S.K.: 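Structure in structure tokens, see below.
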Amino acid sequence: MEADPNNELIVAELKGEVVGTMQLTYIPGISRLGATRLQVEAVRIAGHLRGQGWGRRMMEWAHAKGRARGCAMVQLTSDKRREDAHRFYRSLGYAQSHEGFKLQLD
């Protein structure tokens with residue numbers, strides 16, 4: 001990942017302690033007139049800091065980073081069982097617009 005300019009691992013720190021992470025991937029594409037998309041993955045906030053605005057600040061930072069890189073949209077997936085996460089993403093303006101599919105490769 002470190003060698004790929006289209007991938008970034010973001011780490012949030014508080015007083016030297018890692019309190020949050022996320023991966024940003026910039027995906028050039030042919031749909032939407034060749035728009036680049038920002039894919040957000042692995043958003044994690046330390047349990048003792050959840051509900052205090054850390055996730056919101058990290059996501060807003062990611063959105064600004066995507067705009068600066070010329071992304072036309074940001075997308076993410078979330079496990080169907082993570083209802084709290086879904087409420088959080090909706091509060092940021094995300095729409096549940098697609099049905100996702102995955103296939104595990106051995």
Side-chain angles (χ1 to χ4, degrees):
M1 274 183 43
E2 187 176 357
D4 183 349
N6 287 321
N7 274 287
E8 294 181 280
L9 175 59
I10 307 305
V11 177
E13 291 184 12
L14 176 64
K15 299 178 183 175
E17 175 189 2
V18 174
V19 296
T21 62
M22 67 180 158
Q23 178 183 347
L24 304 181
T25 303
Y26 305 95
I27 306 169
I30 60 173
S31 52
R32 297 184 183 256
L33 302 174
T36 298
R37 299 169 187 238
L38 170 60
Q39 177 79 27
V40 178
E41 297 278 345
V43 178
R44 302 290 185 269
I45 302 296
H48 68 282
L49 293 175
R50 290 186 188 143
Q52 298 180 32
W54 281 88
R56 182 169 299 278
R57 285 190 295 273
M58 285 179 57
M59 291 300 291
E60 289 170 351
W61 184 89
H63 298 161
K65 186 86 167 169
R67 285 185 195 96
R69 289 273 306 246
C71 295
M73 71 178 328
V74 59
Q75 61 189 28
L76 56 84
T77 60
S78 181
D79 189 295
K80 288 186 175 193
R81 297 169 291 187
R82 299 187 65 217
E83 294 179 14
D84 290 341
H86 301 167
R87 277 191 294 279
F88 169 67
Y89 294 127
R90 283 192 298 269
S91 80
L92 291 169
Y94 285 79
Q96 290 176 269
S97 61
H98 290 71
E99 189 72 25
F101 297 88
K102 294 187 181 197
L103 173 66
Q104 295 294 328
L105 300 176
D106 297 325

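Bear in mind that the values here come from a model prediction, so they are computed numbers and not experimental data. By convention here, the first residue in the shown sequence is residue 1.
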S.K.: Working to the nearest 0.5 Å, report the span between CE of M59 and NE2 of H63.
M.R.: 4.0 Å
S.K.: Before you tell me yes or no, could you show the steps for N6 and R69 under side-chain contact (heavy atoms from CB on, under 4.5 Å), namely the whole-Å CA-CA distance, both residues' side-chain angles and the distance that decides it to 0.1 Å?
M.R.: CA-CA 10 Å; N6 287 321; R69 289 273 306 246; 3.0 Å; yes
S.K.: Would you confirm whether H86, through its side chain, and D79, through its main-chain N or O, come within 3.5 Å as a donor-acceptor pair?
M.R.: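 Yes; at least one donor-acceptor contact below 3.5 Å.
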S.K.: Hey, could you give me the NE2/CG distance between H48 and L14, rounded to the nearest 0.5 Å?
M.R.: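 The NE2 atom of H48 sits 7.0 Å away from the CG atom of L14.
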S.K.: Using side-chain contact (heavy atoms from CB on, under 4.5 Å), reason through M58 and I45 one step at a time and then give a plain yes or no.
M.R.: CA-CA 9 Å; M58 285 179 57; I45 302 296; 3.3 Å; yes
S.K.: If two hydrophobic side chains count as joined below 4.5 Å and joins carry through other members, does F88 share a cluster with W61?
M.R.: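 Yes: a chain of side-chain contacts under 4.5 Å links F88 to W61.
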S.K.: Just how far is it from atom CD of E2 to atom CG of L9, taken to the nearest 0.5 Å?
M.R.: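 Going from CD on E2 over to CG on L9, the span is 10.0 Å.
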S.K.: Which of parallel (below 30°), tilted (30 to 60°) and perpendicular (above 60°) describes Y89 and Y94?
M.R.: perpendicular
S.K.: Going through the distances and angles, do S97 and Q75 end up as a side-chain contact (heavy atoms from CB on, under 4.5 Å)?
M.R.: CA-CA 10 Å; S97 61; Q75 61 189 28; over 6 Å; no
S.K.: Could you pull out the closest heavy-atom pair between Y26 and P5, with the gap in Å?
M.R.: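 For Y26 versus P5, the nearest heavy atoms are CD1-O, 4.4 Å.
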S.K.: Please determine whether residues V74 and L92 belong to a single hydrophobic cluster, defined as Ile, Leu, Val, Met, Phe, Trp and Tyr linked transitively by side-chain heavy-atom distances below 4.5 Å.
M.R.: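 Yes, because V74 and L92 connect within a single hydrophobic cluster, where side-chain heavy atoms sit under 4.5 Å apart.
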S.K.: Should the heavy atoms of other residues, nucleotides or ligands under 6.0 Å from NE2 of H98 be counted, would the total exceed 12?
M.R.: no
S.K.: Find out if a path of hydrophobic residues (ILVMFWY) with successive side-chain heavy-atom gaps under 4.5 Å connects M73 to V43.
M.R.: no
S.K.: Taking all non-hydrogen atoms of both residues, which atom of V40 and which atom of L76 are closest, and how far apart?
M.R.: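 Taking every non-hydrogen atom into account, O-CB, 3.4 Å.
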S.K.: Given side chains that start at C-beta, do those of Q23 and Q39 come closer than 4.5 Å, heavy atoms only?
M.R.: no
S.K.: Does atom CD (E83) have a neighbourhood of more than 12 heavy atoms from anything else shown, all under 6.0 Å?
M.R.: no
S.K.: Might you point out which heavy atoms bring L24 and A62 nearest each other, and give the distance in Å?
M.R.: CD2-CB, 3.8 Å
S.K.: I want to check something: taking the side chain as every heavy atom from C-beta on, are K102 and T77 in contact at a cut-off of under 4.5 Å?
M.R.: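 In short, these two side chains touch, coming nearer than 4.5 Å.
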